[in-house]
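Shown next, in structure tokens, is the structure this report addresses.
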Amino acid sequence: MNTIKLAYCLYLNVSLFVIGLLGVILNRKNILVTLMSIELILLSISLNFITSSIFLNDIIGEIFVIFILAIAASESAIALAIIVSICRYREPIENLLLKKRKNPQQSLRFKK
Amino acid sequence: MTRTLYYFFGLLLTLCAICVIAANNTVFSLLSLMLSFLSASVMLIILGADFIGLLLIIIYVGAIAILFLFAVMVAETKLTVSKKNNRTLSSPIGVIFGILMLLPIFEPIQALLFNSSEEYTSFLICTFELIGEIDAHNYGSVLYSYFAIPVLIVGMILLVVILGVSKLTNTVHKKAKTQSVFKQLSRTTKIR
């Protein structure tokens with residue numbers, strides 16, 4: 001009763017990864033949701049590491065998860081700092097990566 | 001019992017992950033992200049990795065959620081929703097790409113599922129018994145001996161992140177005129 005199938009855990013982690021990937025691809029209007037989907041991808045990867053490490057009875061996978069947590073936290077901190085500093089002197093950021101700017105001088109101008 | 005709990009929280013995790021990318025409001029997607037992290041930490045505790053589960057709650061729900069909430073609060077007026085619906089154009093591309101991504105990943109899992117016996121593909125999960133050993137002791141003994149250099153590298157990365165964030169969000173103008181308190185106090189008046 002207390003055993004669980006490895007295949008179910010792997011299905012779950014892989015489907016979570018694909019959901020995060022679809023969130024990165026499909027989302028075209030909000031850059032914060034893109035960051036959240038990247039967090040979901042990192043969560044699925046760390047879940048996969050922990051499941052494999054418990055299945056193989058090996059601690060190195062769980063050590064890697066600590067590194068992944070540190071990198072994810074630093075990545076989201078940097079990205080949010082960039083967003084906040086852009087919001088200060090820029091008109092709406094719909095999607096910075098995908099939108100073509102027609103007049104770059106006008107949109108980067110300081111507002112007082 | 002614990003297996004049913006694991007299935008339930010796995011389902012909750014998937015539903016919340018779908019809610020993250022499907023919600024229109026940013027705050028709702030943030031809340032469902034937090035719920036998905038909570039259910040993931042419960043799943044990890046059921047699997048037996050207590051320390052990592054608690055660490056996930058502390059880091060993600062405690063720190064990253066507040067950071068995201070702050071960013072939503074600052075930037076929500078600037079984050080305007082585009083009027084034309086781009087999702088109808090890009091959703092078939094996403095679905096096709098998702099299916100193409102799913103197929104090669106599920107192939108070895110299905111091979112593992114159907115071709116081997118039960119005892120190699122299933123493993124024991126936590127039985128909720130109190131054991132004397134602590135997880136953190138094992139982590140520390142491995143982390144500070146075999147993984148000493150990666151720990152130092154992660155520390156350097158965190159230092160760079162702190163410096164970069166404080167550089168990015170710093171708004172002190174050096175040319176602004178401010179009063180210097182020491183100069184003012186040390187100046188003698190004519191009237192005594």
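Below, each value reflects all heavy atoms present in this structure, side chains not excepted, and no hydrogens, waters or symmetry copies. We name chains A, B, ... by the order of the sequence lines, and we start the count at 1 in each one.
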Do you know which of [options] has the most heavy-atom pairs with chain B at a distance under 4.5 angstrom?
options	result
A/S44, A/S74, A/G23, A/S53	A/S74
A/L16, A/L43, A/V84	A/L43
A/L47, A/N57, A/V33	A/L47
A/G20, A/A77, A/A79	A/A77

Residue [X] versus chain A: region with a heavy atom under 4.5 Å:
X	value
B/V154	side chain
B/Y60	side chain
B/I64	side chain
B/I157	side chain
B/L67	both
B/I162	neither
B/V160	neither

In the single-linkage hydrophobic clustering (I, L, V, M, F, W, Y; side-chain heavy atoms under 4.5 Å), do [X] and [Y] co-cluster?
X	Y	answer
B/I57	B/L35	no
B/Y146	B/V151	yes
A/L69	A/F67	yes
B/L11	B/Y6	no
B/L44	B/Y7	yes

Do B/M43 and A/L12 have side-chain heavy atoms sitting under 4.5 Å apart?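 Heavy-atom side-chain distance check passes, below 4.5 Å.
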* **B/C16 vs B/L33 side-chain heavy atoms within contact, under 4.5 Å** =>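 SC-SC contact between B/C16 and B/L33 ruled out.
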ask   = Just by distance, do the side chain of A/N13 and the backbone of A/C9 share a donor-acceptor pair under 3.5 Å?
value =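 Yes.
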Region of A/L80 that comes under 4.5 Å of a non-hydrogen atom in chain B:
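Looking at A/L80, just its side chain touches chain B.
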Is it the backbone or the side chain of A/E39 that comes under 4.5 Å from a heavy atom of chain B, or both, or neither?
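Contact with chain B involves both backbone and side-chain atoms of A/E39.
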- Should the ring pair A/F49 and A/F64 be called parallel, tilted or perpendicular, given that the plane angle runs from 0 to 90° and is split at 30 and 60?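 Aromatic pair A/F49/A/F64 classed parallel.
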